[in-house]
Amino acid sequence: MEEGDGFHFGAEACKACAAFFRRSVSQKRIYTCRGANDCDITVNIRCMCRACRYSKCLEVGMNPMGVLAKPSPSPSKPSPYPSETIQPFPSSPTQTTRAALLTITLPSSFNDSMPLLSKMRSNYQKLCNARIVIHREDGQSLFEEKAPRALNYQEAVAQSMKDVRLTSDWISWCFEDFVKLPMEEKNNLFRNFYTPYYMMEGAFASHLANMIYAVVLPSGDYLDMTQMETFYGSIEVKQPLDKEQIENLFKPSFDYHRKALILPMISEDIDIYEFFALTTLLLWNTTLETITEETIKTGKSVKDQLLKEIGFYLKNVKKVEDRVVRVATIVNMLPDVYKVTKRNQDNLEMSQIFNIYTADKKFYDLLTGNFI
DNA sequence: TTTCAAGGTCATC
DNA sequence: GATGACCTTGAAA
């Protein structure tokens, strides 16, 4: 390769190779080597084999994640967030970069070494596409982009009821071992998985959108932590409590959600594959008392595979120097996910007691672990 | 204000 | 259609 003229996508490279790498990633090109994947890539013959040129780019340390997703061709597209919400949702220069994490596709040589994470990645895209369909507003065309808005509690519950089935489908698409389990075992695992996962995904989505005072829901809509009375307000039900009383009741647990999950995800810059690792660990919770020895064995083997793959990912794709520390950072988020879940469940109990809003019985059962 | 690394454009092959 | 030189942009120092 030609001597580098500066840093490009995380590595010293020439401008030509930087442009080649940028195009390859942004256009998701897949190259095939006609030889044995060992072509000599030098200044004069670098154009002879694109597959090997791309491999060489990766080899010297160029990171596909540094390449932003191709922007939408429509420049007149409205901002996804209302302009008056600048204070709770600071617009971040890195917002596009974070969102781009969702669209990056790794070269197939990497995917072969991390089959589970790759499968989760491609199926997550499928899940996101399905969500666009089921969460579209009444009368909204499938082709127009939905503008995210702040939801009240009732609307959030209604959306979650729709989304739970998609999440269970996603889990089934990703884990053959899960599909093979007896029905009762599946229910045991999923029942204990869904609520913590829902909390974690909300925090992860807030991190991707850089919305530190909002929990972003699967639909793209969000819960505005700065407007608690709106969140607990409902058109049909009159509030028995005033704004201050509502804040006193619920604000601490929203603050806790922000401090324990959203802010750590932002400060650690958790990426999509690390999020999948957390998802896997949440699902295959082998310390549950209600599951059989057989399920525990299966769960352990899935988690072993996951740890191997995330190790590979951190080493070869993300190029993390101290992988042990990084894995520990990721795994250490799990207790906080459970703590936030517990706080949220307590909140729901409280809203029942004070009759602030009578949640759909099915959703209430789901959140408190009574889901069949 | 300068520097650097990103994306965009376009003549050339 | 792919490439690479050149240009513009925006963040950080």
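What you see below is based on every heavy atom in this structure, not just the backbone, and it leaves out hydrogens, waters and symmetry mates. Just so it is clear, the structure is predicted and the values come from calculations on it, not from any experiment. Naming: A, B, ... by sequence-line order, numbering from 1 per chain.
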Residues which pass side chain to side chain donor-acceptor pair (under 3.5 Å) with Asp255(A), listed by chain and number, not counting sequence neighbours: Lys251(A)
Rounded interatomic separation in angstrom, taking NZ from Lys15(A) and P from dC7(C): 11 Å
Near-ring test Phe204(A)/His207(A), centroid separation under 6.0 angstrom: yes
Interatomic distance, Phe21(A) CZ vs dG7(B) P [rounded to whole Å]: 10 Å
Residue pairs fulfilling salt bridge (Lys or Arg N to Asp or Glu O under 4.0 Å) with at least one residue in residues 192-214 of chain A, sequence neighbours excluded: Arg131(A)-Glu201(A)
Please tabulate, one pair per line, each protein N/O and nucleotide N/O from nucleotides 3-5 of chain B that are separated by under 3.5 Å, including the distance.
unit_1	atom_1	unit_2	atom_2	d
dA5(B)	OP2	Phe7(A)	N	3.4
dA5(B)	O5'	Phe7(A)	O	3.2

All side chain to side chain donor-acceptor pair (under 3.5 Å) counterparts of Thr287(A), not counting sequence neighbours: Asn285(A)
Distances for protein N/O vs nucleotides 9-12 of chain B N/O pairs under 3.5 angstrom?
none

Pairs flagged by salt bridge (Lys or Arg N to Asp or Glu O under 4.0 Å) wherever residues 167-176 of chain A is involved - sequence neighbours left out: Lys119(A)-Glu176(A), Arg165(A)-Asp169(A)
Those residues that, when tested against Asn123(A), pass side chain to side chain donor-acceptor pair (under 3.5 Å) (two or more places apart): none
Residues which pass side-chain contact (heavy atoms from CB on, under 4.5 Å) with Arg326(A), listed by chain and number, not counting sequence neighbours: Glu268(A), Ile270(A), Glu274(A), Leu314(A), Lys318(A), Val320(A), Ile330(A)
Residues forming a side chain to side chain donor-acceptor pair (under 3.5 Å) with Lys303(A), sequence neighbours excluded: Thr286(A)
